[in-house]
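Lettering follows sequence order; numbering is per chain, from 1. Note that the coordinates shown come from a computational prediction; the quantities given were computed from them, not determined experimentally.
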Amino acid sequence: MKSFLKRYGWVCATVLVVAAIAVWFFISENQSGGEGAPGNTLSNLASGPAAAQEKISWGREILSYVTLPFLLEGAFLAIKISALAMLGGLVMGLGLALLRLSRFSVVRALAWTYIWLVRGTPQLLQLVFLYDALPEIGIKLDTFTTAVLGFALNEAAFSAEIIRGGILSVNRNQSLAAAAFGMGPLLTMRRIVLPQAMRAILPAIANDTVSMIKLTSIGSVIFVNELTFRSQQIVGQNFKFFTVFIAAGIIYLIMTSAISLIQAALERRFNLEIERPAPGSGFFDRFVGFRSMPPSSGEATVPPAVDPAGRATKKTGSGSPSIWVDALMAHEHWRAPVEQKPFVTCRDVWKSYGTREVLRGINLTVNRGEVVTVMGPSGSGKSTLLRLINHLEGLDRGEILVEDKHVGYELANGRLKPSRNLAKARAAARIGMVFQHFNLFEHFTALENIIEAPVRVYGEKPENATVLAHKLLSGVGLARHAAHLPHRLSGGQQQRVAIARALAISPRLMLFDEPTSALDPELVSEVLGVIRRLAEAGMTMIVVTHEVRFAREVADRVVFMDDGRIVEEGTPDQVLVNPTQERTQRFLRLVEHEIEVA
Amino acid sequence: MMHLNRVATATFALGLAAAITAGKMDSASAQGAKCEPDQIATKYPSLAGKTIKVATDAESPPYSFRDPKDFNRVIGIDVDMARAAFKCIGAKMELSLGAWSGLLPSVIAGQNDLMWDDLYYTAKRAEQVDYVAYMVAGTGGLVRKGNPKNIHDFADLCGLTGTAGLGTVEEAALRDQSKKCVDGGKKEINILTYPDISSGVRLLQNDRADVMVTDLALVDQLASDNPTLFERGIKVLSDFKIGVAVRKGNKDLLSAIYDSLTALHGNGEQKQIFGNYKVDAGLIVTPTVLTK
């Protein structure tokens, strides 16, 4: 509450001042409006010699109408209708927007038909239809319900398009990263996509709210006794349209200005460029952000004393990520032995995008604790292979086993079928993924990025997750950046946060998709250093990379792919130093040349 | 038995028809000419305990408008008559305020029980609602002071701009006249419709219209209250009747309205109400029921 006041104190102050002025006038002026609007009949049209005196009292007369309870009741009615209708309209609009984005064309068509129909007919006709035509089939609604329903149904059609536009404006990589961490579609929408879409959605929705408050005036046709109708009634008997309508206009302006203030406050809330204090524990934050945790001060990274012998006995891929934390923080370079048990098996994997064949019969085995680097020219299918391993995309032919299990596939009649809950399958497989463009959740701090999957997907307690996250951040050397948003970090720093994020889910396998390709050369080494330490601690990794030196020093095996096939594979000495295939040699010459030039 | 019922109904209908032309309903309903509010359960059983919703627009003086001394009150000859009638019937009533053009549709749809707001009887409307007529109307054409366009008759309107209320009998009359103009080789009438009285007056005042065609009582009041601005250009004493519109099939309500209006007519209350608003008592007629 205190932080709310601190941030929006100026908004509250303005509202209070305006309300105080209104109340003062309300009390001080004659209630029935008899003074400001002298009891007139139809004879008030004449403006004769009294005109001069009238001009001076216009101001007071307008003010008396602005504070007239009769008109203010109409304004309150307009607010009530608009508030309820906007609420209902936004909820329905969100539903319609999601239907429009559905996989099934029938669902999309239904949603589109509704939007086409309701958007394309005048709102006045819709209201009259609801009020006067429905009784013929037995549905008789009172005026308030009709107005709220009519406006809500109409608003649903418009806000559906606004929300859909906002959702589409969010970078697709955000949902890709969420999917890689086992977040289901609804969770992704709620936690990742919608908060980022709000920046695009808010201004348009505020527009609609302002419009609706003013559009309630058409409700007079269905017996809604709102502000405009009431002012027309006053004018109907005293004919002073000028002062009465100006007063009504002022009342509308006050109401719509309040909407603008709320819009400004909400835009501040969703603005990523403003430095935020630690997230509060209000309802909204709990739904969209996360529970309030005291940010721990940047701690010095003290490498724990770990003996190499102890590490040798730890099984790779099991236990909590603190193993990796220890490994990250250790200073010695020591390598856990590679077991000879297959961890990832790809058998005759085929994948096409439309008519283009991207993978043609890939056979690959990765043992536990092994580090395999996959290299090759662009378009050779390397990234696609990674995405097939954690079922971010589906196989066309063949099979992929991780720890002897299919990820997100079920055997049905001897054939593999994608299982219904892919997100759950990915989450269970615990495969960490690091992307070329980092794909950190833009609206979360480094810390929030790391704890998101453990808390939301794996159900860990936020306190525990936060402690671990701090440790991981220290491990990658970013303890001081826990509260920073991604756009405040350099590329290398972002990638290290991404690695920490992947480690937080206790992965048994890590997939790196060109982790340093988007980084400046100076930053490459800091990321490679982290990956190297993980390798030494025994993590099973598949790294797609161009970095030949890294492959030479860290990889157990190098796989060279070209044109959807594995051309050559072997130890780094075999493939990188003495390649036997022409294509491999050509590629290596290219890459080494680039390094020299750079 | 069925045969007798049919005969009885036919006789009643014939009697009604005769009464329309001869106005002899007084004797036929002598027993309904008193106000007996506590007898509502026996006289009009379906109305007992109900609140009747009366549709009106509160922006059509002198029929229905806001009291300038207290905006929360709606007054006018139609609204006061409604109050008096329901006091006589013994039922509660509630005003349902909406724009004029939506009033009749709401009665037809059943959202409101009756409309009482300067509604003229037309055969077309009587296909949808039943009427109890209680006054005659004239049509008036309000023009600017000095009658610059020399308008004294509907036939003078060819090629000019006229304004009337949306969905009113006057609008229909203007369109009719426009057709006559065109058929006679003259220019058509440019017709603007207004949603409420005051916007129509503004059209006339701002020289956007040459004549405002509306109810004669209203035209006379506007002219006499603003002698420097307006005067009456056209006066047509038609046989237009103004009545209360009741949804078809609501026999109890129709009888209740008819009986109470007859009582008000008889005991002089109707004349008194008209006098309060300076409406010519000569427009009052004996209440009649019109079902087609």
B:Ala99 and A:Phe229 have their tightest heavy-atom pair at N-CZ, 3.7 Å
Pick one of side chain, backbone, both or neither for B:Leu103, based on which atoms fall under 4.5 Å of a heavy atom in chain A.
both
Do you know which of A:Arg230, A:Lys140, A:Glu136 has the most heavy-atom pairs under 4.5 Å to chain B?
A:Lys140
Pairs of heavy atoms under 4.5 Å with chain B: top-ranked of A:Val224, A:Leu71, A:Val235, A:Ile222
A:Val235
Does any heavy atom of chain A fall under 4.5 Å from the side chain of B:Asn72, the backbone, both, or neither of them?
both
Is atom CH2 of A:Trp116 surrounded by more than 12 heavy atoms (other residues, nucleotides or ligands) closer than 6.0 Å?
no
A:Arg119 atom CZ: more than 12 heavy-atom contacts under 6.0 Å
yes
Rounded to the nearest 0.5 Å, what separates atom CD in B:Gln111 from atom CZ in A:Phe223?
8.5 Å
Between A:Phe245 and chain B, with a heavy-atom cut-off of 4.5 Å, which part of the residue counts as in contact: side chain, backbone, both or neither?
side chain
How long is the straight-line distance from CD of A:Gln233 back to OG of B:Ser198, given to the nearest 0.5 Å?
10.5 Å
Chain B shares the most heavy-atom pairs under 4.5 Å, among A:Pro135, A:Gly219, A:Ala133, with A:Pro135
Who among B:Ala55, B:Gly102, B:Ala58 has the most heavy-atom pairs with chain A under 4.5 Å?
B:Ala58
Options A:Leu134, A:Asp142, A:Thr143, A:Leu141, ranked by heavy-atom pairs under 4.5 Å with chain B, top entry:
A:Leu141
Specify the closest pair of heavy atoms between B:Phe71 and A:Phe70, including all atoms of both residues, with the distance to one decimal.
O-CE1, 3.2 Å
